[in-house]
Amino acid sequence: MPKSNSNPNTLKALGAPTTYAHNYNPNVLEAIPNPHIDTTYFVKFNCPEFTSLCPITGQPDFATIYISYIPHKRIVESKSLKLYLFSFRNHGAFHEDCINIIAKDLIKLLEPHYLEVWGKFLPRGGLSLDPYVNYGKGSYEQMARNRLENHDMYPETIHNR
């Protein structure tokens, strides 16, 4: 279960020697209090080196993962997020599963106003997948519906796949 710290001084990953989990591990996720709880703002993480394994063949899958959220009371500590995403390296899961797992773990940890996770996987067998999931609570539910309906209306030009 992901950890939520009320005191940033109790963080386990930040400032400590890095220990990598070799299997999926949501327990490395940590949160700290939102220092700007009085401000509505968007946070975006880009992870261009995400890897996981195909659960059938064991072959590696490579993706860029985009995580965006509007914080409520907590924000994710970024080193713990990097270690968490790294823990998928030997995890066997389909692309859609990885994206939903990441979203659910972050929603549980942060209880954000809004969150979205978008995976842009490199092709295997001539086909690339770009699963997208989002979540909004309270007044952000309509925003979530709108972004889900329109998230890929203007897709970018893809040069590397």
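The salt bridge (charged side-chain N to carboxylate O under 4.0 Å, His left out) contacts involving residues 133-142 comprise nothing, where partners must be two or more places apart or lie in separate chains.
For the atom pair N100 CG and Y132 OH, the distance stands at 12.0 Å (nearest 0.5 Å). Going from atom CG of D61 over to atom CG of L53 covers 7.5 Å, rounded to the nearest 0.5 Å.
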Which pairs of donor and acceptor atoms, one on a side chain in residues 31-50, lie under 3.5 Å apart (sequence neighbours left out)?
residue : atom : partner : partner atom : Å
N34     : OD1  : H36     : N            : 2.9
N34     : OD1  : Y41     : OH           : 2.6
N34     : ND2  : H72     : O            : 2.8

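Closest of all the heavy-atom pairs between A93 and S52 is O-OG, 4.3 Å. Considering every non-hydrogen atom in both K79 and E77, the closest pair reads N-OE2, 3.0 Å. Minimum heavy-atom separation, I75 to L110: C-CD2, 3.6 Å. A pairwise comparison of heavy atoms in L148 and N134 identifies N-ND2, 3.6 Å as the closest pair.
Judged as a ring pair (Phe, Tyr, Trp, His ring centres under 6.0 Å), and not counting sequence neighbours, the contacts of H91 are Y24, F88. With sequence neighbours excluded, no residue satisfies side chain to side chain donor-acceptor pair (under 3.5 Å) with D97. By the side-chain contact (heavy atoms from CB on, under 4.5 Å) test, E96 pairs with F94, L129, P131, sequence neighbours left out. Shown here are the side-chain contact (heavy atoms from CB on, under 4.5 Å) partners of N25, two or more places apart in sequence or in another chain: A21, N27, V28, S87. Not counting sequence neighbours, the partners of Y84 by the side chain to side chain donor-acceptor pair (under 3.5 Å) test are D105. When the ring pair (Phe, Tyr, Trp, His ring centres under 6.0 Å) test is applied to Y140, the partners found at least two apart in sequence or on another chain are H113. Every residue two or more places apart in sequence or in another chain that forms a side-chain contact (heavy atoms from CB on, under 4.5 Å) with T57 is listed here: C54, Q59, R124.
Using modelled atom types, no side-chain atom of Y69 and backbone atom of L106 make a donor-acceptor pair closer than 3.5 Å.
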Checklist line | Test side chain to side chain contact (heavy atoms under 4.5 Å, CB included) applied to I70 and M143, step by step | finding: CA-CA 11 Å; I70 298 173; M143 176 186 169; 3.8 Å; yes
Next item on the list: Go through the steps to decide whether I67 and V76 satisfy the test side chain to side chain contact (heavy atoms under 4.5 Å, CB included), and finish with yes or no.
Entry: CA-CA 11 Å; I67 299 167; V76 68; over 6 Å; no
Margin query: As a quick check of understanding, evaluate side chain to side chain contact (heavy atoms under 4.5 Å, CB included) for V133 and I102, giving each step before the final call.
Written below: CA-CA 10 Å; V133 63; I102 292 167; over 6 Å; no
Next item on the list: Give the intermediate values and the outcome of side chain to side chain contact (heavy atoms under 4.5 Å, CB included) for residues I99 and H95.
Entry: CA-CA 7 Å; I99 298 311; H95 303 149; 5.7 Å; no
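In terms of hydrophobic clustering, with Ile, Leu, Val, Met, Phe, Trp and Tyr side chains grouped at heavy-atom distances under 4.5 Å, F121 and I101 are assigned to a common cluster.
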